[in-house]
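We use all heavy atoms of the structure for the numbers below, so side chains are in, but hydrogens, waters and symmetry mates are not.
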Amino acid sequence: MLPRSFRSALVPLGASVLLAFAAAAYAQDAHHPDQTAQSTEESAFLAENDAAMTKMMNDMAAKPTGDIDRDFVAMMAPHHQGAIDMAVIELRYGKNEQLRRIAQEIIVEQQQEIDAMKLAIGDPVTASAPAPTQPSPAPAAAHDHMNMSHGMKN
C-alpha cells in the first residue's frame with residue numbers, strides 16, 4: 001500500500017490529468033463544426049464495435065470437449081473472428097488510409113488462420129465471401145443488384 005502522504009498527493013494529480021483530458025476533448029470538439037454527423041457516426045461505430053466484442057467474448061466461452069486441440073480452435077476462432085469483425089467496422093467508418101489497409105490485412109490474415117486451425121482438426125473451412133464494409137442494403141436493393149448480372153454477356 002502507498003504511504004498516506006503519497007496517496008493524498010495523487011488525488012490532485014489525478015484531478016489535473018482528468019481536467020487536462022476534458023480540456024483536450026473540448027478543444028478537439030471545437031475544431032469540428034459538424035458535431036451532429038460526427039456524433040451519429042461515432043455512435044454507430046461504438047455500437048457495432050461493442051456488439052462485435054460482446055459476440056466474440058460470448059463465443060470464446062466454449063464448453064470444453066476433452067480434446068485440447070478442438071477446445072483451442074473453439075476459443076481461438078471466435079477471437080480471430082472478433083478481430084475480423086472489428087476490422088470490417090474500421091473499414092466501414094475509419095478515414096485513415098493506413099489503418100484501413102491494416103484492417104484489410106487483418107481480415108485476410110485472421111480468416112486464413114481460422115481456416116488453417118479448422119483444417120488442422122479436420123473441420124471444413126468457411127466459404128470465402130467479400131467483407132461487408134457497408135451497412136446491409138434494403139432487401140429490394142440487394143435483389144435488384146443480384147439481377148443486374150443476368151442481363152450481362154461474357
Side-chain angles (χ1 to χ4, degrees), residues 10-65 68-121 123-152:
L10 288 178
V11 173
L13 178 62
S16 297
V17 170
L18 185 59
L19 215 64
F21 278 122
Y26 178 77
Q28 185 177 8
D29 288 348
H31 289 79
H32 298 287
D34 189 14
Q35 280 303 108
T36 306
Q38 189 175 25
S39 296
T40 302
E41 188 172 61
E42 179 74 4
S43 294
F45 167 79
L46 293 173
E48 288 184 39
N49 196 61
D50 185 52
M53 293 291 290
T54 300
K55 181 179 181 341
M56 178 186 72
M57 295 305 289
N58 290 337
D59 291 350
M60 285 174 52
K63 182 179 177 186
T65 65
I68 293 170
D69 295 327
R70 278 198 177 279
D71 293 348
F72 173 74
V73 174
M75 290 182 276
M76 285 303 293
H79 182 266
H80 283 39
Q81 184 61 51
I84 291 169
D85 295 344
M86 291 172 65
V88 168
I89 296 165
E90 168 61 21
L91 291 176
R92 211 174 270 156
Y93 297 102
K95 306 292 187 258
N96 182 301
E97 286 305 314
Q98 184 176 6
L99 292 176
R100 291 175 55 80
R101 280 192 298 277
I102 291 169
Q104 290 169 335
E105 291 171 13
I106 287 170
I107 292 167
V108 172
E109 292 167 2
Q110 296 294 298
Q111 187 60 56
Q112 288 174 344
E113 288 188 18
I114 291 171
D115 291 344
M117 287 187 287
K118 286 182 173 183
L119 287 172
I121 61 170
D123 282 356
V125 298
T126 308
S128 66
T133 58
Q134 299 298 318
S136 298
H143 181 69
D144 292 344
H145 176 70
M146 296 299 287
N147 290 334
M148 286 174 53
S149 62
H150 292 297
M152 299 176 77

Item checked: Residues which pass salt bridge (Lys or Arg N to Asp or Glu O under 4.0 Å) with Lys118, listed by chain and number, not counting sequence neighbours -> none
Margin query: Holding to side-chain hydrogen bond (donor to acceptor under 3.5 Å, both in side chains), I want the full list of residues that pass it with Glu105, two or more places apart in sequence or in another chain.
Written below: none
Item checked: Worked check of side-chain contact (heavy atoms from CB on, under 4.5 Å) between Val73 and Arg70 -> CA-CA 5 Å; Val73 174; Arg70 278 198 177 279; 5.9 Å; no
Next item on the list: Calculate, to the nearest 0.5 Å, the distance between atoms CD and CD1 belonging to Glu97 and Ile102 respectively.
Entry: 11.5 Å
Note to self: Quick check on salt bridge (charged side-chain N to carboxylate O under 4.0 Å, His left out): which of Glu90, Glu41, Glu42 does Lys95 satisfy it with?
What the structure shows: Glu41
Next item on the list: Find the distance between CG (Leu119) and CD1 (Ile114) and round it off to the nearest 0.5 Å.
Entry: 12.0 Å
Next item on the list: Would you give the length of the straight line joining atom CG of Asp123 to atom CG of Asp115, rounded to the nearest 0.5 angstrom?
Entry: 11.0 Å
Next item on the list: Hey, could you give me the CE/NE2 distance between Met60 and His80, rounded to the nearest 0.5 Å?
Entry: 10.5 Å
Item checked: From NE2 (His79) to CD (Gln110), nearest 0.5 Å -> 8.0 Å
Next item on the list: Go through Gln111 and Ile107 one step at a time and tell me if the side-chain contact (heavy atoms from CB on, under 4.5 Å) criterion holds.
Entry: CA-CA 6 Å; Gln111 187 60 56; Ile107 292 167; 5.6 Å; no
Checklist line | Met53: side-chain contact (heavy atoms from CB on, under 4.5 Å) partners, not counting sequence neighbours | finding: Asn49, Met56, Met86
Checklist line | Under 3.5 Å donor-acceptor, Asp71 side chain and Thr65 backbone | finding: yes
Next item on the list: Please report the shortest heavy-atom distance between Ala87 and Ala103, naming the atom on each side.
Entry: CB-O, 3.4 Å
Check: Between atom CG of Asp85 and atom CD1 of Ile106, what is the distance when rounded to the nearest 0.5 Å?
Finding: 12.0 Å
